[in-house]
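The analysis underlying the following values was restricted to heavy atoms, covering all of them including side chains, and did not include hydrogens, waters or symmetry mates. Index from 1, following the sequence.
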Amino acid sequence: MTLRIDSLALAAGLAVLIATGPALAADGNAENGQKLFFGTAQCKTCHSVKAGQKMIGPSMFGVVGRKCGTAEKQRFSSNYKAACEKAPFAWDEAGLDGYLADPTRYISKIAGQTRRSPMTRKTPKAQDRADIIAYLKTLK
Ligand code: HEC
């Protein structure tokens, strides 16, 4: 009897995991993303969130949906430009996820040659990336 209850509980637990698992991975928390951006992820060292304000990197205002290479005043790296010419892209969630995980790898793959990205910051945790992307989506 105990065994049966345990396995029922286990099955229920699994069902909950299956139902909520993917949604959790895809849904970012913008508030936490903002904290990361200005805190431990250090995006603010190189990026402003004000429209058109270039720092070391381009402004993050309006970055979601922005076409590659079109950020105001920014002089992009030659490898970024090569990638953008070869396969023009606009930043969507999937692209940002790949880029934030490993900027050098993401851009080099599109460009077809490996060059170190001047955006040196990697965000290895998927949940952190989802949260940061959720925050970037609010910058419009
Ligand atoms: C050391 C400075 C630096 C840090 C830290 C940094 N970036 Fe960048 N970022 C850059 C530079 C420089 C570029 C332009 C890349 C190029 O020219 O290849 C860039 C490009 C980008 C782009 C592409 C913008 C566009 O218009 O194509 C995004 C998105 C981005 N950064 C997000 C972030 C986020 C989010 C963080 C924090 C996790 C971050 N960056 C941390 C320097 C930085």
Side-chain angles (χ1 to χ4, degrees):
M1 193 59 195
T2 345
L3 230 176
R4 196 173 161 263
I5 289 165
D6 282 355
S7 54
L8 271 178
L10 189 70
L14 271 179
V16 169
L17 258 184
I18 290 161
T20 59
L24 275 177
D27 285 347
N29 177 327
E31 227 173 280
N32 193 47
Q34 182 173 23
K35 277 188 203 144
L36 290 167
F37 190 98
F38 290 98
T40 49
Q42 291 175 6
C43 315
K44 66 149 191 205
T45 314
C46 300
H47 293 287
S48 166
V49 296
K50 287 199 193 124
Q53 190 172 79
K54 174 192 147 32
M55 289 171 68
I56 292 170
S59 171
M60 287 294 103
F61 187 87
V63 70
V64 179
R66 183 156 81 204
K67 280 190 196 147
C68 60
T70 61
E72 276 179 71
K73 299 175 197 149
Q74 184 69 27
R75 290 177 62 192
F76 287 98
S77 63
S78 60
N79 215 32
Y80 177 110
K81 285 193 263 183
C84 187
E85 264 164 41
K86 204 168 171 192
F89 58 90
W91 289 116
D92 59 10
E93 287 180 36
L96 285 167
D97 186 64
Y99 185 65
L100 295 181
D102 190 339
T104 290
R105 203 170 146 210
Y106 185 82
I107 292 296
S108 294
K109 207 170 168 189
I110 301 174
Q113 58 185 9
T114 302
R115 300 276 185 283
R116 190 171 150 82
S117 172
M119 171 153 153
T120 45
R121 187 84 201 170
K122 288 184 191 174
T123 306
K125 283 192 196 152
Q127 189 60 55
D128 287 355
R129 294 196 300 274
D131 291 352
I132 290 170
I133 293 164
Y135 171 60
L136 295 179
K137 282 162 89 176
T138 69
L139 303 174
K140 57 186 177 191

Here the gap from Met119 atom CE to Cys43 atom SG, rounded to the nearest 0.5 Å, amounts to 7.0 Å
Selection residues 99-121 - residue pairs positive for salt bridge (Lys or Arg N to Asp or Glu O under 4.0 Å), sequence neighbours left out
Asp102-Lys122
Test side-chain contact (heavy atoms from CB on, under 4.5 Å) on Thr138 and Glu31 and set out the steps.
CA-CA 10 Å; Thr138 69; Glu31 227 173 280; over 6 Å; no
Please list all pairs passing the side chain to side chain donor-acceptor pair (under 3.5 Å) test where one or both residues lie in residues 56-74, with sequence neighbours left out.
none
Between Tyr80 and Gly69 the two heavy atoms that sit nearest each other are OH-N, 2.9 Å
Test: ring pair (Phe, Tyr, Trp, His ring centres under 6.0 Å). Region: residues 107-127. Which pairs qualify, not counting sequence neighbours?
none
d(Asn79 CG, Ser117 OG) to nearest 0.5 Å is 8.5 Å
Find the distance between CG (Asn29) and CD1 (Ile133) and round it off to the nearest 0.5 Å.
13.5 Å
Over all heavy atoms of both residues, which pair between Tyr135 and Val49 is shortest? Give the atoms and the distance, please.
OH-CG1, 3.7 Å
Which pairs would a plain distance check flag for residues 32-39, meaning a side-chain donor or acceptor within less than 3.5 Å of a matching protein atom at least two apart in sequence or in another chain?
| residue | atom | partner | partner atom | Å |
| --- | --- | --- | --- | --- |
| Asn32 | ND2 | Asp131 | OD2 | 2.7 |

What closest approach, in Å, do Arg129 and Pro124 show between heavy atoms, and which atom pair accounts for it?
NH1-O, 3.0 Å
Listed partners of Gln53 passing side chain to side chain donor-acceptor pair (under 3.5 Å), at least two apart
Ser48
In Å, rounded to the nearest 0.5 Å, how long is the span from NZ of Lys44 to CE of Met60?
15.5 Å
Distance from Leu139 atom CG to Lys50 atom NZ, nearest 0.5 Å?
12.5 Å
Hey, can you tell me if Tyr106 and Phe89 have their rings parallel, tilted or perpendicular (30° and 60° cut-offs)?
perpendicular
Provide the full list of ring pair (Phe, Tyr, Trp, His ring centres under 6.0 Å) pairs with a residue in residues 41-63, sequence neighbours left out, each pair given once.
none
Given Val64 and Leu96, is the side-chain contact (heavy atoms from CB on, under 4.5 Å) satisfied, shown in steps?
CA-CA 8 Å; Val64 179; Leu96 285 167; 3.9 Å; yes
Value for OH (Tyr99) from CD1 (Ile110), rounded to nearest 0.5 Å, stands at 10.0 Å
Checking side-chain contact (heavy atoms from CB on, under 4.5 Å) for the pair Lys137/Glu93: CA distance, chi angles, key distance, verdict?
CA-CA 9 Å; Lys137 282 162 89 176; Glu93 287 180 36; 2.5 Å; yes
